[in-house]
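Before any comments, here is the structure.
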Number of protein chains: 2
Amino acid sequence: MARPRKPLLSRDRIVEAASSLVDSEGLDAVSTRRLAAVLGVSGPSLYNHFRNKDEILDAVADAVSVQVDLSMFEASDARDWREALHDWALSYRAALAAHPHIVPVLARGPGRRPAGLRVADAVFGAMVGAGWPPAQATRIGALMRYFITGSALGSFAGGFVDDESAYDPADYPHLGQAHLLAERGREVDEGAFEVGLRALLDGLALQYEEYARPTETVRRGRKRP
Amino acid sequence: MARPRKPLLSRDRIVEAASSLVDSEGLDAVSTRRLAAVLGVSGPSLYNHFRNKDEILDAVADAVSVQVDLSMFEASDARDWREALHDWALSYRAALAAHPHIVPVLARGPGRRPAGLRVADAVFGAMVGAGWPPAQATRIGALMRYFITGSALGSFAGGFVDDESAYDPADYPHLGQAHLLAERGREVDEGAFEVGLRALLDGLALQYEEYARPTETVRRGRKRP
DNA sequence: ACCTGAACACCGTTCAAGT
DNA sequence: ACCTGAACACCGTTCAAGT
């Protein structure tokens, strides 16, 4: 057919098809040939819209970042930066949990992905607005991303094996019930995420006090809590 | 040559060659054919020692876990669980930083990898020994892994681009100096890791007090801090 | 048991040719 | 500008054959 008068493909259509292929069959199932077949075109056609396959996967990852709710950062002030961070983390995690197979691509940093950058921008802006020094605001965005993407990677891929004989007590003296982790994996992951998130926010709150409160060497009259 | 009287390959030799190939040229550079060529054999020979390529990469990842220092957990007691966790986190991160390209494989959970399990076992055992309830000890091992592997993934792969025009202020109002992050990426990552680790440990210490200290409803005489 | 070459069913990407 | 088929240089894995 050569060139049709109305384009058969668009970046959006390609990303949509790639996303559902990733969701239903995993990252490895996405080949340029299979993806093209789903779209009713031949493999090389994709290269009219994306430079290479990696760019397609980046776009799929970015479509997930778009789903992350950022509204809690709009009215953020010094009083509720912690609550905003908490709600954002839950929304972020939920978005990743809905598309677990693309997480490895997303975990490699915001890079050139526009929506990923928008997320980083929103967190940074809100933390600065709440009184954090810019250098700390940058770090908070990074470390929250470490924890959230790390948990999404660890949860939904690998995991333990549901086979008692796989874990010899002689090798792992404390993991007597490790095989139970297989069935309880999801529960463990959720618990670990909750505990970790709370610890992270509690810890940041302690550091925030150091910044917000004049140090005792400067203001001696102030009593310490 | 068919079968030589002394085997040309061994699992160890294969893992060693694969590791240095991963380190020097990245994950994508490892194909069964290239790996076999480095070892002076033909591609299919590898299948006499590993079931498939994924098992080889798992072994490469596990060789990194072996490098993680666990000695700090041997004499752990209630007083220094926090310090042990801190030192272990630094050692873990250093091991990943030395072999950044294999981190995506390692980040998918301990799965069937023996050394990965040994790490999980040591953390769990030490935390229980320090007074944490078993359910919490499991979660601590998981959440620390989230943070550490997440930071290793985010740091050494992707990242920002050193190009001012890549970040239009209209799109990202707060990321005016985002392109500076490219050159300062490593510094930002280290700072974020330090801040995050401290927050995590501070936060866990607060939670530890809740477990170690009888609640005020039980022991009314005790004053609150 | 452990290695080989041949073979199968795939890949990502380039490119000239078509409209 | 946008699609095509052919082609290039690869893949992971299986398997019969060799010693």
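Chain A is the first sequence line, chain B the second, and so forth, proteins listed ahead of strands; every chain is numbered from 1. None of the values given here were measured: they were computed from a predicted structure.
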Take the protein atom [atom1] of [X] and the nucleotide atom [atom2] of [N], then report the distance between them rounded to whole Å.
X	N	atom1	atom2	value
B/L35	D/dT13	CG	P	12 Å
B/D28	D/dG12	CG	P	11 Å
A/L9	D/dC3	CG	P	5 Å
A/K6	D/dC2	NZ	P	11 Å
B/R5	D/dT19	CZ	P	13 Å
B/Y47	D/dA16	OH	P	17 Å
B/F50	C/dC3	CZ	P	13 Å
B/R11	C/dC3	CZ	P	14 Å

Exercise for the section: Inspect the surroundings of CD in A/Q207 and state if more than 12 heavy atoms from other residues, nucleotides or ligands are less than 6.0 Å away. Expected result: yes
Practice task
For D/dC11, give its Watson-Crick or G-U wobble partner with both distances under 3.5 Å, or none.
Solution key: none
Practice task
Write down the partner of C/dA17 under the Watson-Crick or G-U wobble criteria, each distance required to be under 3.5 Å.
Solution key: none
Exercise for the section: Measure from NZ or CZ of B/R93 to the centre of the six-membered ring of B/F193, then state whether that distance is under 6.0 Å and the direction lies within 45° of the axis. Expected result: yes
Practice task
Start with the C-alpha distance between B/N52 and B/Y47, add both sets of side-chain angles, then the distance that settles side-chain hydrogen bond (donor to acceptor under 3.5 Å, both in side chains), and finish with yes or no.
Solution key: CA-CA 6 Å; B/N52 52 44; B/Y47 291 83; over 6 Å; no
Problem - Interatomic distance at P, C/dA9 relative to D/dA9, whole Å - result: 22 Å
Exercise for the section: For B/R34, answer base if it contacts any base atom (sugar-phosphate contacts may also be present), sugar-phosphate if it contacts only those atoms, and nothing otherwise; contact means non-hydrogen atoms under 4.0 Å. Expected result: sugar-phosphate
Exercise for the section: Would you classify A/R33 as touching base, sugar-phosphate or nothing, given that sugar-phosphate means primed atoms plus P, OP1 and OP2, and contacts are heavy atoms under 4.0 Å? Expected result: base
Check whether any side-chain nitrogen or oxygen of [X] sits under 4.0 Å from OP1 or OP2 of [N], and answer yes or no.
X	N	value
A/H49	D/dC3	yes
B/S45	C/dT4	yes
A/S42	D/dC3	no

Taking the side chain of [X] as heavy atoms from C-beta outward, which of [options] is closest to it?
X	options	value
A/T32	D/dC3, D/dC11, C/dG12	C/dG12
A/S31	D/dT13, D/dA6, C/dG12	C/dG12
A/K53	C/dT4, D/dC2, C/dG12	C/dG12
A/P7	D/dT13, C/dT13, D/dC3	D/dC3

Problem - Stepwise side-chain hydrogen bond (donor to acceptor under 3.5 Å, both in side chains) test for A/S71 and A/D69 - result: CA-CA 6 Å; A/S71 64; A/D69 185 15; 2.9 Å; yes
Handout entry: Candidate pair B/N48 and B/L9, rule side-chain contact (heavy atoms from CB on, under 4.5 Å), full reasoning
Key = CA-CA 9 Å; B/N48 286 300; B/L9 294 178; over 6 Å; no
